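First up is the structure itself, then whatever we jot down about it.
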Amino acid sequence: FLLELSRSRQRQASSAGRWWSGGAFVCFVGYQWWLPLYRWGGGSAQVDLLRTQHRRVGAWMPLLLLLHGASFGAGMLTLLTAAVLLHTIVGVADSSLVSDKQRQRAYLRLWLLPHILLSFLITGLALHHVWVILAHGGP
C-alpha cells in the first residue's frame, strides 16, 4: 500500500496525473447523483440495481481521492478528503443494516439527511476545487 501511495505521489507530480485522477473523481461524484435524480424523477424500475452500483462506487471514492491528493497539507483537499471519508462511513451504515421494517423507516429518517447534506458538501467542495485549479491556470 505504501509503495502504491509513493507511486501515486510520483504520478501526481505530473500535470496529466492530476488531470486524470481529478477527472475520474469528478466523474465518480457525478455518477453518485444518478440514483437520487432517478428517484426524484419518480423512477422505480431499476432502483435496486442503481442502489447497488451507488454503494460500490461510493466505497471506492475515498481510495480514488487518496490517489488524487498530492499532499495531505493542502487545506481544501484535506477538507474534501475528510468529507468523503465521513460520507462513505455514513453511506455504508444505511437502513439495509436494520431488518425490522418499522425500525428501517425510523433509521432512514435519521440517516438520509446527513447523507444528502454530505453529498452537497462534497459536490460543492469538489466544484470549488476545480474552479480554483482552473482559475489559477490548471495544475
Side-chain angles (χ1 to χ4, degrees):
F1 175 74
L2 293 176
L3 182 60
E4 182 56 34
L5 189 58
S6 173
R7 286 183 188 149
S8 171
R9 300 240 184 264
Q10 291 170 353
R11 278 191 300 271
Q12 288 305 91
S14 74
S15 179
R18 287 190 297 270
W19 278 105
W20 279 105
S21 61
F25 182 76
V26 167
C27 289
F28 270 57
V29 169
Y31 182 80
Q32 288 301 83
W33 282 101
W34 185 251
L35 176 65
L37 291 174
Y38 186 77
R39 280 184 169 171
W40 290 332
S44 62
Q46 299 178 356
V47 168
D48 289 337
L49 175 64
L50 285 174
R51 186 182 308 118
T52 300
Q53 291 173 348
H54 182 85
R55 288 176 182 161
R56 288 181 181 159
V57 169
W60 284 101
M61 283 178 65
L63 179 60
L64 184 59
L65 188 60
L66 179 65
L67 295 176
H68 177 65
S71 74
F72 291 108
M76 182 60 72
L77 204 49
T78 302
L79 180 60
L80 180 58
T81 301
V84 168
L85 289 174
L86 179 61
H87 188 261
T88 301
I89 291 167
V90 170
V92 167
D94 72 347
S95 61
S96 67
L97 298 175
V98 180
S99 58
D100 179 47
K101 290 293 182 190
Q102 190 165 350
R103 285 187 179 167
Q104 248 185 10
R105 279 189 227 108
Y107 184 77
L108 185 63
R109 283 188 212 113
L110 294 173
W111 167 84
L112 192 57
L113 182 62
H115 187 68
I116 291 171
L117 290 176
L118 284 167
S119 297
F120 279 111
L121 176 67
I122 289 167
T123 303
L125 287 171
L127 290 174
H128 179 71
H129 178 70
V130 169
W131 178 79
V132 167
I133 294 300
L134 294 177
H136 290 92

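Just so it is clear, the structure is predicted and the values come from calculations on it, not from any experiment.
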>> Restricting to side chain to side chain contact (heavy atoms under 4.5 Å, CB included), what partner residues turn up for Leu127, sequence neighbours left out?
In response: Thr123
>> Trp34: which residues meet the side chain to side chain donor-acceptor pair (under 3.5 Å) condition with it, sequence neighbours left out?
In response: none
>> I'd like to know if Val57 and Trp20 are part of one continuous hydrophobic network [Ile/Leu/Val/Met/Phe/Trp/Tyr, side-chain heavy atoms within less than 4.5 Å].
In response: no
>> For a side chain to side chain contact (heavy atoms under 4.5 Å, CB included) check, start with the C-alpha distance between Arg55 and Thr52, then their side-chain angles and the critical distance, and finish with the verdict.
In response: CA-CA 5 Å; Arg55 288 176 182 161; Thr52 300; 5.5 Å; no
> Side chains of Gln32 and Val29: closer than 4.5 Å at any heavy-atom pair?
Replying inline: no
> What heavy-atom pair brings Ala83 and Leu118 nearest, and what distance separates the two atoms?
Replying inline: O-CD2, 4.5 Å
> What residues join Leu85 in its hydrophobic cluster, counting side-chain heavy atom gaps under 4.5 Å, either direct or through other members?
Replying inline: none
> Who passes side chain to side chain donor-acceptor pair (under 3.5 Å) against Thr88, sequence neighbours left out?
Replying inline: none
>> Between Trp33 and Leu49, is there shared hydrophobic-cluster membership here, with clusters defined by ILVMFWY side-chain heavy atoms closer than 4.5 Å?
In response: no
> Can you list the other members of the hydrophobic cluster that holds Leu113, where links are side-chain heavy atoms under 4.5 angstrom apart?
Replying inline: Leu117
>> Working to the nearest 0.5 angstrom, can you tell me the gap between Phe25 CZ and Ile122 CD1?
In response: 6.5 Å
> Under 30°, 30 to 60°, or over 60°: which ring-plane class applies to His54 and His115, parallel, tilted or perpendicular?
Replying inline: perpendicular
> How would you list, by chain and number, every residue that makes a side chain to side chain contact (heavy atoms under 4.5 Å, CB included) with Val130, sequence neighbours excluded?
Replying inline: Val26, Leu134
